[in-house]
Amino acid sequence: MSSSLSTRLKYVSLGVLVVQTTSLVLTMRYSRTLKEDGPRYLASSAVVSAELLKILACTLLVFREHSKYVRALNQVLKEEIVNKPMETMKLAVPAGIYTLQNNLLYVALSNLDAATYQVTYQLKILTTALFSVTMLGKRLGCNQWLSLLILMAGVALVQWPAESADASQQTSLSAGFQFVGLMAVLTACFSSGFAGVYFEKILKETKQSVWVRNIQLGLFGFVFGLIGMLMYDGQRVRESGMFQGYNKITFTVVVLQALGGLVIAAVIKYADNILKGFATSLSIIMSTLISYFLLEDFNPTSLRETQP
Ligand code: C5P
């Protein structure tokens with residue numbers, strides 16, 4: 001591939017990632033706070049559906065890569081996935097971690113507003129940098145370390161929305177909820193850093209196509225997600241089915257999450273995890289503005305307002 005094409009792919013994939021991250025966070029938050037009659041959809045089921053959709057999409061991409069022949073597709077899948085069990089097994093590690101993380105994301109967004117969640121989740125840039133240095137041997141300059149320090153200070157300064165005119169919002173943003181949300185998001189920072197760098201290592205050290213790698217990742221993700229869903233929500237699934245409470249917004253969340261898997265894989269291939277982190281931080285600005293002006297979900301406070 002020519003270097004100008006790969007530079008273009010790098011920036012296009014980073015741009016799509018910004019839009020995808022913003023839309024996912026807002027739609028997910030909206031879907032978890034929407035008050036509706038009947039049961040709310042199961043987050044564990046949405047994770048499984050997204051994995052399934054991602055596998056289907058990646059299979060279509062491999063199909064296209066191989067001149068749209070079903071026989072060629074079968075052969076590639078057999079050779080690369082079934083006949084190389086050790087290579088396939090390598091993806092079980094990030095898949096397990098991502099399954100946990102994808103579920104934590106729902107916990108976080110059920111307890112924190114979209115903007116607070118987004119800012120705190122930026123700590124994953126720091127964990128990603130630490131894992132990139134230790135696992136990939138990347139070297140960071142003084143300026144880059146300094147940016148990471150500023151990032152940490154910024155996250156520490158995040159003010160939780162302190163006062164809300166709306167009593168129901170006050171309840172949902174109470175300290176207990178926030179603590180649960182915060183723990184979920186901090187755990188996700190570590191899992192995101194480790195799994196992302198592990199996936200980058202596998203992708204850049206071996207020759208398999210990124211879409212085949214994503215199918216391997218998705219297969220494990222699907223199995224782990226299914227186990228998680230049955231363990232956590234088994235009773236409810238048996239009572240009202242896996243797709244209970246699904247509506248148009250749920251489908252949008254699932255499609256956006258599956259799309260995210262594809263875009264992130266492309267970003268890791270054409271750019272790297274640290275750039276991915278900085279690109280998604282742009283979406284903070286977008287989701288904060290949309291959250292404030294359109295969803296009225298977030299009331300920014302100044303430092304002075306919340307200090308005793
Ligand atoms: O927040 P973070 O960037 O770590 O999120 C990564 C997301 O992308 C997870 O939902 C993970 O399941 C997904 N992913 C994927 N395929 C990849 C890498 C990540 O679906 N190759």
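Being a predicted model, the structure only gives us computed values, none of them experimental. The figures that follow rest on heavy atoms only: side chains count, while hydrogens, waters and symmetry mates do not. All ligand and atom numbering here is 1-based and tracks the order in the structure.
Shown here are the ring-ring contact (aromatic ring centres under 6.0 Å, His included) partners of Phe243, two or more places apart in sequence or in another chain: Tyr246. In this structure, Gln144 has no side chain to side chain donor-acceptor pair (under 3.5 Å) partners at least two apart in sequence or on a different chain.
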Do any side-chain atoms of residues 127-137 form donor-acceptor pairs under 3.5 angstrom with protein atoms, and if so which ones, sequence neighbours left out?
| unit_1 | atom_1 | unit_2 | atom_2 | d |
| --- | --- | --- | --- | --- |
| Thr127 | OG1 | Lys124 | O | 3.0 |
| Thr127 | OG1 | Cys189 | O | 2.8 |
| Thr128 | OG1 | Lys124 | O | 2.5 |
| Ser132 | OG | Thr128 | O | 2.8 |
| Thr134 | OG1 | Leu130 | O | 2.9 |
| Thr134 | OG1 | Phe131 | O | 3.4 |

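Protein residues lining ligand 1, listed by chain and number: Lys54, Tyr98, Gln101, Asn102, Tyr121, Lys124, Ser192, Phe199, Asn214, Leu217, Gly261, Ile264, Ala265, Lys276 [non-hydrogen atoms, distance under 4.0 Å].
A salt bridge between Glu87 and Lys207 is absent, with no side-chain N of the basic residue lying under 4.0 Å from a carboxylate O of the acidic one. A salt bridge does not link Asp272 to Lys204: none of the charged nitrogens lies less than 4.0 Å from a carboxylate oxygen.
From Leu109, atom CG reaches atom OH of Tyr121 across 10.0 Å, with rounding to the nearest 0.5 Å.
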